[in-house]
A.B. asks: 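Shown below is the structure under consideration.
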Amino acid sequence: MISSNQTKSLLEVIEKNEDPSAFADALGLLEKLITNIINNPNEDKFKHIKMTVKTLATRLFNIKQMAELLTSLGFIQLDQEFYLPDEEYVSLLENFNTIKWQHILAQGRVEGPQQYQKAQEIVRQQQDVQRQYEKEQKEKEKIQQQIKYDRQERSLVKEKDSKANDLQFGAKVKTCEQLGINKNTGKRG
């Protein structure tokens with residue numbers, strides 16, 4: 001499995017060797033293909049990327065290192081197509097934001113310096129949100145683990161009856177039976 005940092009490095013290398021507009025277009029198409037896989041994880045048809053499809057051949061596979069990128073994301077090349085096995089789904093998810101963010105930056109570069117600055121700001125904000133989400137998830141896991149430990153600890157401790165049941169002092173309260181009142185009829189017996 002490749003890390004998101006390795007994916008980013010590979011994308012940067014590819015970008016240096018490609019036409020900026022073609023690279024941005026290819027990343028946009030790849031992002032769409034991956035989104036289809038994520039939105040439809042149980043549909044096998046989305047897990048196949050065929051090199052023989054004209055649109056994919058001209059817009060995606062015209063990028064020299066696209067096969068290397070797909071392989072690093074977990075796809076397996078089978079003749080003229082790439083297939084994502086189920087066990088590589090998590091790896092794809094972990095790298096999706098990196099691809100999306102690199103696409104935003106590449107598109108910004110193509111559109112000019114001002115758009116590139118806006119793209120950088122958008123990516124920075126999205127990365128901040130991602131970091132905050134991951135931090136909250138770790139905290140949530142930590143709390144859930146503590147709850148689990150607390151439950152285990154409580155299950156090992158034998159609980160005692162209330163102390164009030166053992167008290168021998170206080171008001172001399174008598175029950176209905178002690179007073180001779182039949183509980184069912186309410187009459188003295």
Side-chain angles (χ1 to χ4, degrees), residues 1-18 20-110 119-149:
M1 181 169 84
I2 189 170
S3 73
S4 58
N5 287 335
Q6 291 169 315
T7 302
K8 183 179 180 191
S9 296
L10 180 57
L11 287 168
E12 289 170 351
V13 167
I14 295 170
E15 185 176 24
K16 288 178 185 175
N17 299 322
E18 296 294 337
S21 182
F23 178 71
D25 183 50
L27 279 185
L29 185 55
L30 180 60
E31 182 182 342
K32 184 176 181 178
L33 293 169
I34 293 172
T35 300
N36 285 340
I37 294 170
I38 291 169
N39 291 338
N40 306 286
N42 296 325
E43 290 192 43
D44 204 46
K45 69 179 181 180
F46 292 111
K47 296 177 185 177
H48 293 268
I49 299 175
K50 297 181 180 182
M51 298 170 74
T52 56
V53 174
K54 186 177 180 181
T55 302
L56 298 178
T58 58
R59 292 178 53 203
L60 188 68
F61 292 106
N62 65 331
I63 304 298
K64 292 177 184 79
Q65 292 177 291
M66 187 55 66
E68 181 183 346
L69 177 63
L70 289 172
T71 303
S72 71
L73 293 173
F75 286 88
I76 297 171
Q77 187 170 2
L78 307 167
D79 290 327
Q80 293 295 308
E81 73 175 66
F82 285 85
Y83 175 73
L84 182 73
D86 289 339
E87 59 270 10
E88 295 296 334
Y89 182 76
V90 172
S91 174
L92 187 69
L93 280 176
E94 290 174 353
N95 286 287
F96 176 68
N97 282 337
T98 303
I99 291 168
K100 181 174 72 172
W101 295 332
Q102 203 66 30
H103 174 237
I104 292 169
L105 293 172
Q107 193 64 41
R109 280 189 197 95
V110 169
Q120 286 178 313
E121 181 60 24
I122 290 169
V123 168
R124 188 192 61 74
Q125 289 173 353
Q126 289 183 3
Q127 288 172 336
D128 287 346
V129 168
Q130 179 69 25
R131 279 191 288 277
Q132 182 64 30
Y133 173 77
E134 289 170 357
K135 182 180 174 185
E136 289 171 0
Q137 285 302 106
K138 285 180 183 176
E139 186 63 28
K140 184 178 179 181
E141 288 172 10
K142 187 177 171 183
I143 290 169
Q144 288 175 337
Q145 189 65 33
Q146 187 61 47
I147 290 170
K148 180 181 171 185
Y149 290 144

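No experiment lies behind these values; they were computed from the predicted model shown. Along the sequence shown, residues carry numbers from 1.
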A.B. asks: My understanding is that only residues two or more places apart in sequence, or in another chain, count here; which of them pass salt bridge (charged side-chain N to carboxylate O under 4.0 Å, His left out) with E121?
C.D. replies: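 Only R124 meet the salt bridge (charged side-chain N to carboxylate O under 4.0 Å, His left out) criterion with E121.
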
A.B. asks: Under the rule for side-chain contact (heavy atoms from CB on, under 4.5 Å), what residues qualify as partners of N17, not counting sequence neighbours?
C.D. replies: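 In terms of side-chain contact (heavy atoms from CB on, under 4.5 Å), with neighbours along the sequence ignored, N17 is linked to V13, Q65.
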
A.B. asks: List the atom pairs, with distances to 0.1 Å, where a side-chain N or O of residues 136-144 and a protein N or O form a donor-acceptor pair under 3.5 Å, not counting sequence neighbours.
C.D. replies:
from : atom 1 : to   : atom 2 : distance (Å)
E136 : OE2    : Q132 : NE2    : 3.1

A.B. asks: Looking at residues at least two apart in the chain, or sitting in another chain, which of them share a side-chain hydrogen bond (donor to acceptor under 3.5 Å, both in side chains) with Q107?
C.D. replies: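 Scan of Q107 (side-chain hydrogen bond (donor to acceptor under 3.5 Å, both in side chains), adjacent residues dropped) gives E111.
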
A.B. asks: Please list all pairs passing the salt bridge (charged side-chain N to carboxylate O under 4.0 Å, His left out) test where one or both residues lie in residues 52-70, with sequence neighbours left out.
C.D. replies: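 Residue pairs passing salt bridge (charged side-chain N to carboxylate O under 4.0 Å, His left out), neighbours aside: D25-R59.
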
A.B. asks: Suppose we screen for side-chain contact (heavy atoms from CB on, under 4.5 Å). Which residues come up paired with I76, at least two apart in sequence or across chains?
C.D. replies: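 Here the qualifying residues are L78, P85.
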
A.B. asks: Check salt bridge (charged side-chain N to carboxylate O under 4.0 Å, His left out) between K100 and all other residues, then give those that pass, not counting sequence neighbours.
C.D. replies: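 Result, salt bridge (charged side-chain N to carboxylate O under 4.0 Å, His left out) vs K100: none returned.
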
A.B. asks: Kindly state each residue pair satisfying salt bridge (charged side-chain N to carboxylate O under 4.0 Å, His left out) with at least one member in residues 70-80, sequence neighbours excluded.
C.D. replies: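 Listed by first then second residue: nothing to list.
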
A.B. asks: Is any side-chain heavy atom of L69 less than 4.5 Å from a side-chain heavy atom of I63?
C.D. replies: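 A side-chain contact is absent here, since even the closest heavy-atom pair is not under 4.5 Å.
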
A.B. asks: For a quick check under 3.5 Å, do W101 and Q126 share a side-chain donor-acceptor pair by atom type?
C.D. replies: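 There is such a pair between these side chains.
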
A.B. asks: I'd like to check the side-chain hydrogen bond (donor to acceptor under 3.5 Å, both in side chains) partners of Q145; sequence neighbours left out, ordered by chain and number.
C.D. replies: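 In terms of side-chain hydrogen bond (donor to acceptor under 3.5 Å, both in side chains), with neighbours along the sequence ignored, Q145 is linked to Y149.
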
A.B. asks: Would you list the pairs meeting ring-ring contact (aromatic ring centres under 6.0 Å, His included) in which at least one residue belongs to residues 26-46, sequence neighbours left out?
C.D. replies: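 Output for this query is empty, none listed.
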
A.B. asks: Could you tell me which non-hydrogen atom of I104 sits nearest to which non-hydrogen atom of A119, and how far apart they are?
C.D. replies: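 Taking I104 first and A119 second, the nearest heavy atoms are O-CB, 3.5 Å.
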
A.B. asks: Decide yes or no for K47 and D86: does some side-chain heavy atom of the first lie under 4.5 Å from some side-chain heavy atom of the second?
C.D. replies: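 When only atoms from C-beta onward are counted, D86 and K47 do touch, with a gap below 4.5 Å.
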
A.B. asks: With sequence neighbours excluded, what pairs up with E31 under the salt bridge (charged side-chain N to carboxylate O under 4.0 Å, His left out) test?
C.D. replies: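 If we apply the salt bridge (charged side-chain N to carboxylate O under 4.0 Å, His left out) test to E31, skipping adjacent residues, there are no hits.
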
A.B. asks: Which residue in the set L92, N95, L29 passes side chain to side chain contact (heavy atoms under 4.5 Å, CB included) when paired with I34?
C.D. replies: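 The option that passes is L92.
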
A.B. asks: If you compare all heavy atoms of I38 against all heavy atoms of Y89, which two are closest, and at what distance to 0.1 Å?
C.D. replies: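 Closest approach of I38 to Y89: O-OH, 3.3 Å.
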
A.B. asks: Nearest heavy-atom pair of N62 and A22: which atoms, and what distance?
C.D. replies: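 Scanning both residues completely, I find the closest heavy atoms to be ND2-CB, 4.2 Å.
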
A.B. asks: Among residues at least two apart in sequence or on other chains, which ones pass side-chain hydrogen bond (donor to acceptor under 3.5 Å, both in side chains) with Y83?
C.D. replies: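 If we apply the side-chain hydrogen bond (donor to acceptor under 3.5 Å, both in side chains) test to Y83, skipping adjacent residues, the hits are D44.
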
